[in-house]
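What you see is a predicted model; the values in this text were computed from it and never measured. Here, residue 1 is the first one in the sequence, and each next residue gets the next number.
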Amino acid sequence: MKKQTRLVIGLAIAIISLCISILRITDVIPASPKKPKYVFYFIGDGMSFNHILGTEHYNTEKAGASKTLRLNFTQFNTRNFVTNYSASNLVTDSAAAGTALASGKKTGNAHIGVDMEGNELHTLADVASEQGYKVGLVTNVGINHATPSCFYGHTSDRFGFPKLVDDYIASDVAFIAGSTIMDMKSGPQDPKYKPITTAELAERIRNAGIELTLDIEQAAKCSGKRVALVANDKENKHVPYVIDRKGDEQHTLLNHSKAAIEYLTREAEDGFFLMIEGGKLDYAAHEQDAVATFCEVNEFAECVQLALEFAKQHPKETLIVVTSDHETGGMSLGWDHYEIRMNLLMAQRASAIQMTKTIQQMRAEGKRNWNDYKQALSDGFGLWSLVPVSAEDEAVLRHDFYDIFLKYGPMVDGLYNKSEFLVYDAIRILNKAASIDWTSLYHTGMYTPLFVKGFGEEKFLECRDQTDIPHTIASLMGGKL
Ligand SMILES: [Zn+2]
């Protein structure tokens, strides 16, 4: 063989070897993922700008910090805000807003997963399943309450709880967790459905072969089966507010979220889509209870922290979206002379609802001395002990106190719970002393915030309405709503 030919052959072999090595290297180093493998979708129910900022000021005061302590998600680089009016009302409810966030379509208030004509809508949970993701839904209210059910359910009556249980059973949702299963006695009744208890609905779920359990560890470790984790499968009873916890509660939004992540990480080889709702946050704001609301926002942020820790283990393939469905309560920070006095909220130890229970208990025990009630309000809310109460305000409270015995009945209706007038006025006096005020017992039409971190986060800067959020998530997951 000529020297020249040998050189050409040698060169060819070298080039082929180099190509093989490059191919091997690219085989070892994975290409950048084309879509997020893990999607976290956080919905703070009723949480808008002031609930978040108020929580940061409250935490700062509590810690005695000189600089404002920021919540984890407010530090995300991608931040936006969106409109949230429904197709029927300028002020949305959780059903229409949940549908918007789950399906990317505006619908009327009280509608879940259907448009105004009743047509069933495609949801993010459907898109996730089609794209090979396993789906998880976690809330701290009922698993068939408005927000979670918007991901699997279809009804124009948000209180059609039995139908929503049937829709859940028929869905692909692999893991669901919450306080309870809403029964058919709670909320306005739909004549289409016969009354049904939580225990009966639980039985229906078990009969469908789903592992319905109250055991958090069992839920997290369950393999090869769909899981429903609830704190109560006998009666329609919610977990207590964070502020009312005694310290030994296992059924919390945080623990349920941990269980969901453990289950999904193991069971979902091709990735997961996990929606986590801070549902009781909305309840606390309906009751115009600032500290109870801030404590719920804090637990919600702890759940976001779980996602952030998870993302550290799975960089480049995790997407974290944090938003809200609407604002609740019309909360304002600083009605009084450019001030917010968070220090006056430090003595609050009980939610307004817990205080209502205390007052009702005292009445049942036959206590009729104003000083006993005054002491209860001081112990639970810090009135008189930390918060000055004017003679005028004390007169209002004493009037409410006499009404407790004279009238028995009229209560302030905060949608989900009813407060004694004595408690409603006491919490109003407390909040106003701190320069926090509320304008609504329901929702307002204020913009809702959006915070995003991870895979494709820049795409969310284009969102203008809450319906844009699920379209963006669906598109990143490789599907379409
Ligand atoms: Zn809501």
Side-chain angles (χ1 to χ4, degrees), residues 33-43 97-105 112-114 120-139 143-154 164 167-178 210 219 222 224-229 256-257 259-277 303-304 306-307 310-311 314 316-323 325 450 452-457 459-460 463 466-481:
K34 291 199 170 54
K35 55 185 195 177
K37 189 172 178 188
Y38 307 105
V39 179
F40 290 88
Y41 195 15
F42 288 94
I43 300 174
T99 300
L101 289 171
S103 294
K105 300 271 188 330
I112 285 179
V114 291
E120 294 192 1
L121 299 171
H122 206 47
T123 77
L124 268 181
D126 298 329
V127 170
S129 296
E130 288 155 13
Q131 296 299 316
Y133 295 79
K134 275 219 182 338
V135 175
L137 306 172
V138 178
T139 180
I143 59 172
N144 50 343
H145 208 309
T147 306
S149 60
C150 284
F151 288 82
Y152 61 73
H154 306 280
L164 291 170
D167 287 352
Y168 156 66
I169 289 170
S171 77
D172 286 332
V173 176
F175 189 101
I176 199 164
I210 295 167
C222 183
K225 269 182 99 173
R226 292 173 65 193
V227 171
L229 168 64
H256 282 194
S257 300
I261 293 170
E262 185 178 333
Y263 170 92
L264 290 169
T265 306
R266 189 189 58 254
E267 296 290 301
E269 273 179 26
D270 297 324
F272 62 75
F273 168 86
L274 175 58
M275 189 287 297
I276 297 176
E277 184 210 14
C303 297
V304 175
L306 292 178
F310 183 91
H314 305 274
K316 294 187 181 173
E317 43 182 8
T318 304
L319 168 63
I320 303 170
V321 178
V322 180
T323 191
D325 51 351
L450 172 62
V452 192
K453 189 177 173 71
F455 191 101
E457 63 179 76
K459 301 270 185 211
F460 292 85
C463 295
Q466 65 184 176
T467 49
D468 298 329
I469 301 170
H471 284 291
T472 309
I473 296 174
S475 152
L476 287 170
M477 289 196 300
K480 201 170 181 327
L481 278 168

Let's go through Cys150 and Leu101 carefully: what are the C-alpha distance in whole Å and the side-chain angles of both, what is the deciding distance for side chain to side chain contact (heavy atoms under 4.5 Å, CB included) to 0.1 Å, and is it a yes or a no?
CA-CA 8 Å; Cys150 284; Leu101 289 171; over 6 Å; no
Measure the spacing between CZ of Phe460 and CG of Leu450 and express it to the nearest 0.5 Å.
7.0 Å
Val173 vs Phe151 side-chain heavy atoms within contact, under 4.5 Å:
no
For the pair Glu262 (side chain) and Ala259 (backbone), establish whether a donor and an acceptor sit closer than 3.5 Å, ignoring hydrogens and angles.
no
Please walk me through it: do Ile143 and Leu164 pass side chain to side chain contact (heavy atoms under 4.5 Å, CB included)?
CA-CA 9 Å; Ile143 59 172; Leu164 291 170; over 6 Å; no
Quick check: do Phe273 and Val127 have side-chain heavy atoms less than 4.5 Å from each other?
no
From the list Ile169, Asp172, Asn144, side chain to side chain contact (heavy atoms under 4.5 Å, CB included) with Tyr152 holds only for Asn144
Closest non-hydrogen atom pair between Tyr168 and Ala228, with its separation
OH-CB, 3.7 Å
Within-4.5 Å side-chain heavy-atom neighbours: Ser129 and Val135:
yes
Spell out, as yes or no, whether a donor-acceptor pair under 3.5 Å connects the side chain of His154 to the backbone of Gly113.
yes
Is there a donor-acceptor pair closer than 3.5 Å between any side-chain N or O of Thr123 and the backbone N or O of Ala125?
yes
Mind checking side chain to side chain contact (heavy atoms under 4.5 Å, CB included) for Ala97 and listing every partner two or more places apart, or none if nothing turns up?
Thr92, Asp325, His326, Gln466
Is the backbone of Ala146 close enough, under 3.5 Å, to the side chain of Ser149 for a donor and an acceptor to pair up by distance?
yes
Atom OG1 in Thr323, atom CD1 in Ile469: separation rounded to 0.5 Å?
4.0 Å
More than 12 heavy atoms of other residues, nucleotides or ligands under 6.0 Å from NZ of Lys35: is that the case?
yes
For Ala219, give me all partners under side chain to side chain contact (heavy atoms under 4.5 Å, CB included), at least two apart in sequence or on another chain.
Phe175, Thr213, Val227, Leu229
Report, as yes or no, whether the 6.0 Å neighbourhood of atom NZ on Lys37 holds more than 12 heavy atoms from other residues, nucleotides or ligands.
yes
Indicate yes or no: at least one non-hydrogen side-chain atom of Arg226 is less than 4.5 angstrom from one of Ser171.
yes
For Thr318, which residues count as a side chain to side chain contact (heavy atoms under 4.5 Å, CB included) partner, sequence neighbours excluded?
Tyr38, Phe40, Phe310, Ala311, His314, Ile320
Residues at least two apart in sequence or cross-chain that pass salt bridge (Lys or Arg N to Asp or Glu O under 4.0 Å) with Asp126, listed by chain then number, are none
For Lys316, what residues pass the salt bridge (Lys or Arg N to Asp or Glu O under 4.0 Å) criterion, not counting sequence neighbours?
none
OG of Ser257 to CG of Leu306: how many Å apart, nearest 0.5 Å?
6.0 Å
Sequence neighbours excluded, the answer for side chain to side chain contact (heavy atoms under 4.5 Å, CB included) partners of Thr139 is Val141, Pro148, Glu277
Spacing of Asp167 atom CG and Ile112 atom CD1 [to the nearest 0.5 Å]
9.5 Å
Between CG on residue Leu137 and CD1 on residue Ile276, distance to nearest 0.5 Å
10.0 Å
Show the atom names and distances, to 0.1 Å, of all donor-acceptor pairs under 3.5 Å that link a side chain in residues 470-481 to residues at least two apart or in another chain.
residue : atom : partner : partner atom : Å
His471  : NE2  : Gly104  : O            : 3.0
Thr472  : OG1  : Asp468  : O            : 2.7

Across all chains, not counting sequence neighbours, the side chain to side chain donor-acceptor pair (under 3.5 Å) partners of Glu130 are His122
Output side-chain donor-acceptor pairs under 3.5 Å for residues 265-272, partner residues at least two apart or in another chain, one line each.
residue : atom : partner : partner atom : Å
Thr265  : OG1  : Ile261  : O            : 2.5
Arg266  : NH1  : Ala220  : O            : 2.9
Arg266  : NH2  : Ala220  : O            : 3.1
Arg266  : NH2  : Lys221  : O            : 3.4
Arg266  : NH2  : Cys222  : O            : 2.4
Glu267  : OE1  : Gly224  : N            : 2.8
Glu267  : OE2  : Ser223  : OG           : 3.1

